[in-house]
Number of protein chains: 2
Amino acid sequence: MAKLEDVAKKAGVSPTTVSRVINNYGAISENTRNKVHTAMKELNYQPNSLARSLQGKKTQLIGLIFPSITNPFYAELIATIEDQLFKSHYKTILCNASNDQNKERDYLNMLVSNQVDGIIVGTHSKSLKEYQEIKQAIVSFDRYLADSIPIVGSDNYQGAALAAEELINSGASNIYFLGNVHAGRDLQPTDQREIAFRKTLAEHQLTPNFLPLSTEISVNIKHMMIRELLQKNQNIDGIMTTDDLTALLTINVARELGITIPNDLKVIGFDGTKFIQDYYPELTTIAQPISDIAELLINTLFKQIDNHDHYENKHFILPNKLIKGNTSR
Amino acid sequence: MAKLEDVAKKAGVSPTTVSRVINNYGAISENTRNKVHTAMKELNYQPNSLARSLQGKKTQLIGLIFPSITNPFYAELIATIEDQLFKSHYKTILCNASNDQNKERDYLNMLVSNQVDGIIVGTHSKSLKEYQEIKQAIVSFDRYLADSIPIVGSDNYQGAALAAEELINSGASNIYFLGNVHAGRDLQPTDQREIAFRKTLAEHQLTPNFLPLSTEISVNIKHMMIRELLQKNQNIDGIMTTDDLTALLTINVARELGITIPNDLKVIGFDGTKFIQDYYPELTTIAQPISDIAELLINTLFKQIDNHDHYENKHFILPNKLIKGNTSR
DNA sequence: CTGAAAGCGCTAACAG
DNA sequence: CTGTTAGCGCTTTCAG
């Protein structure tokens with residue numbers, strides 16, 4: 001691996017000069033600049049980022065910690081963030097925490113050790129105490145980590161209320177909520193979905209019903225649980241889920257059991273990724289504004305990096321939209 | 001950010017001693033070890049990886065360059081690789097090249113500058129000449145990059161032949177191949193799918209038909225093109241696609257047009273991710289051995305890193321499997 | 001416009 | 001068992 005000094009020798013100049021042309025710093029004669037460029041080409045020189053960042057220069061690296069990359073919602077959010085960061089000349093280090101606290105901690109430490117300029121956290125398990133002590137710029141997607149860490153998310157309350165109303169307007173009255181149900185301790189932003197569901201149904205004098213489905217359990221088991229629910233409870237006529245994949249599962253189960261959608265049963269999902277709109281357009285769902293979320297996450301991070309802004313108990317909330325398919329109405 | 005020297009002062013020892021306890025190197029008395037640990041805790045010390053790696057120590061970082069993370073096949077392959085690497089105490093830097101040559105080049109340079117211990121490349125556009133000059137350990141998924149870069153992939157020929165035979169055995173005779181069609185210049189491993197398709201049909205005295213669908217074009221346009229094909233060509237009775245998503249699209253179009261699957265039309269996909277098996281179990285498809293691919297990619301990389309093995313025109317090929325759903329037969 | 005020298009945070013001989 | 005010293009590859013005063 002050629003180093004700066006090699007380039008300097010080859011070009012017949014000092015290391016300082018080479019550094020200057022690389023960084024476009026100070027005044028350099030056209031002649032020496034050319035000599036240096038030629039030498040760099042010939043040696044196939046790649047600057048060593050480690051050495052450079054060791055001086056305190058920015059790494060131009062942003063770490064993302066997310067619970068999963070196989071879930072289309074996270075995949076699209078991550079891809080959008082990555083794309084926008086790239087356009088701002090930042091590279092992304094993606095860490096897949098897999099809903100595993102220890103892994104999350106390891107990756108967080110790795111990011112800190114590698115001096116990333118900022119961190120975007122999207123994990124949804126209970127939060128690590130380590131976040132309290134982070135010195136770098138940091139922002140969270142839809143989850144409380146610490147008072148000093150700003151949160152960006154969609155309006156879970158509004159979205160879920162929209163979903164419940166859509167089911168009710170479609171004529172459903174025996175409605176179930178499938179998905180993560182609030183554990184009991186600290187309230188996270190996504191718990192607003194459950195709260196909105198209860199409230200909206202109450203406003204219409206309807207009883208809210210629940211099938212708790214933790215993110216931990218396997219898809220096959222979820223499938224089985226939904227199947228049991230629909231078999232035992234033939235009068236269910238409305239289901240809202242906390243993500244689109246569970247809605248897909250529900251539709252599959254309904255088909256297996258000969259339940260007609262939307263006549264016998266109305267289904268509405270949550271997330272509304274491009275993936276679902278492309279490959280499962282029939283699904284009615286609540287679409288989160290992925291692109292806006294990404295942009296706001298990044299802006300909030302950049303304000304910390306560039307202006308040393310500091311936040312305290314800050315929560316940015318973006319509105320969701322209803323996408324009407326054929327599984328409701 | 002506390003540094004090693006701060007810890008040393010606080011513990012009343014030399015920097016070397018602190019370095020020794022951090023790296024578990026040499027002999028240290030229980031007493032000093034404790035003092036150092038206490039000091040580290042109190043200062044919330046995180047070693048600076050950059051400084052450490054600058055000495056030539058390994059970074060324990062592996063870079064992945066993939067064309068997309070929103071495609072379920074890549075998402076699952078990436079997640080599997082990441083998981084296995086993590087278990088071997090390597091962290092992953094995921095780079096999303098988005099089918100963009102310049103982005104791919106930028107990320108490659110970034111990985112080299114950041115001194116990653118190895119690189120796994122899964123992009124499928126035409127290859128950058130930069131790969132010729134890479135000095136680090138490197139391995140490619142299903143694509144030729146340079147003679148010195150080993151390739152790991154599934155048996156595209158066998159998989160596609162399996163798919164074509166499944167359609168023929170299901171009674172199809174007017175069969176189309178939808179997906180990437182070989183451009184004409186250099187032959188990539190995935191081009192074997194098209195070759196196998198032609199060959200297999202010829203063996204059965206059938207004419208191969210094609211609807212070329214580049215990965216570049218948008219899903220909506222693909223949808224439209226498939227719709228036109230099926231409308232104009234009512235006697236098509238078999239379709240094989242080069243990925244499962246295109247198969248999903250085909251099924252959607254068929255439903256729109258009132259074409260019954262598998263009676264009127266048999267469809268078979270390619271990839272067979274867990275995602276498809278979970279949420280679209282009816283699809284008949286060719287499953288790539290994702291977990292084996294991940295393992296072999298990593299082993300091949302580790303042999304270069306640990307044993308300084310060197311490969312020349314090496315191509316590892318893993319077999320595919322048929323997964324029977326209800327869209328064929 | 002160009003160079004010499006110091007130092008970023010850490011590790012690795014070499015001493016003791 | 002512990003400390004001193006030099007140096008990884010680069011940037012950055014400070015001189016000229």
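Side-chain atoms of B:I293 and B:F316, non-hydrogen and from C-beta on, never get closer than 4.5 Å to each other.
Exactly one residue among A:N99, A:T123, A:N109 makes a side-chain hydrogen bond (donor to acceptor under 3.5 Å, both in side chains) with A:E104. That residue is A:T123.
Within the nucleic acid shown, A:T32 comes within 4.0 Å of sugar-phosphate atoms alone, with no base atom in reach, counting heavy atoms only. A:T17 comes within contact range of the sugar-phosphate backbone alone, with a heavy-atom separation under 4.0 Å but no base atom that close.
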Under 3.5 Å, which protein N or O atoms sit close to an N or O of nucleotides 6-9 of chain D? Give each pair with its distance.
unit_1 : atom_1 : unit_2 : atom_2 : d
D:dG7  : N2     : B:Q55  : OE1    : 2.6
D:dG7  : N2     : B:Q55  : NE2    : 3.2
D:dC8  : O2     : B:Q55  : OE1    : 3.2
D:dC8  : O2     : B:Q55  : NE2    : 2.6
D:dG9  : OP2    : A:K3   : NZ     : 2.5
D:dG9  : N2     : A:A51  : O      : 3.3
D:dG9  : N2     : A:Q55  : NE2    : 2.4

Heteroatom pairs (N/O) under 3.5 angstrom, protein to nucleotides 13-16 of chain D:
none

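The ring pair (Phe, Tyr, Trp, His ring centres under 6.0 Å) pairs that include a residue from residues 87-134 of chain A are A:Y90-A:F302, A:Y107-B:F86, A:H124-A:F141, where partners are two or more places apart or lie in different chains. Listed by first and then second residue, the ring pair (Phe, Tyr, Trp, His ring centres under 6.0 Å) pairs involving residues 26-60 of chain A amount to none (not counting sequence neighbours).
Taking atom CG of B:L43 as the reference point, atom P of C:dG9 lies 14 Å away to the nearest angstrom. The NZ-C1' distance, from A:K9 to D:dC10, rounds to 15 Å in whole Å. Per the geometry, CD belonging to A:Q115 stands 9 Å off P belonging to C:dG9, to the nearest Å.
Axis orientation changes by 40° from one end of the helix from C:dC1-D:dG16 to C:dG16-D:dC1 to the other, with each end axis drawn from 5 pairs and the value rounded to 10°.
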_Go through it in stages, so that I can follow the logic: the residues are B:I22 and B:R52, the test is side chain to side chain contact (heavy atoms under 4.5 Å, CB included), and I'd like the CA-CA distance, side-chain angles, deciding distance and then a yes or no._
CA-CA 11 Å; B:I22 290 171; B:R52 187 190 303 211; 3.9 Å; yes

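Taking B:K3 as the reference, nothing meets the side-chain hydrogen bond (donor to acceptor under 3.5 Å, both in side chains) condition, with sequence neighbours excluded.
B:T17 and B:S14 form a side-chain donor-acceptor contact under 3.5 Å, judged by distance and modelled atom types alone.
Electrostatic pairing of A:E42 and A:K10 counts as a salt bridge here, judged by a charged N lying under 4.0 Å from a carboxylate O.
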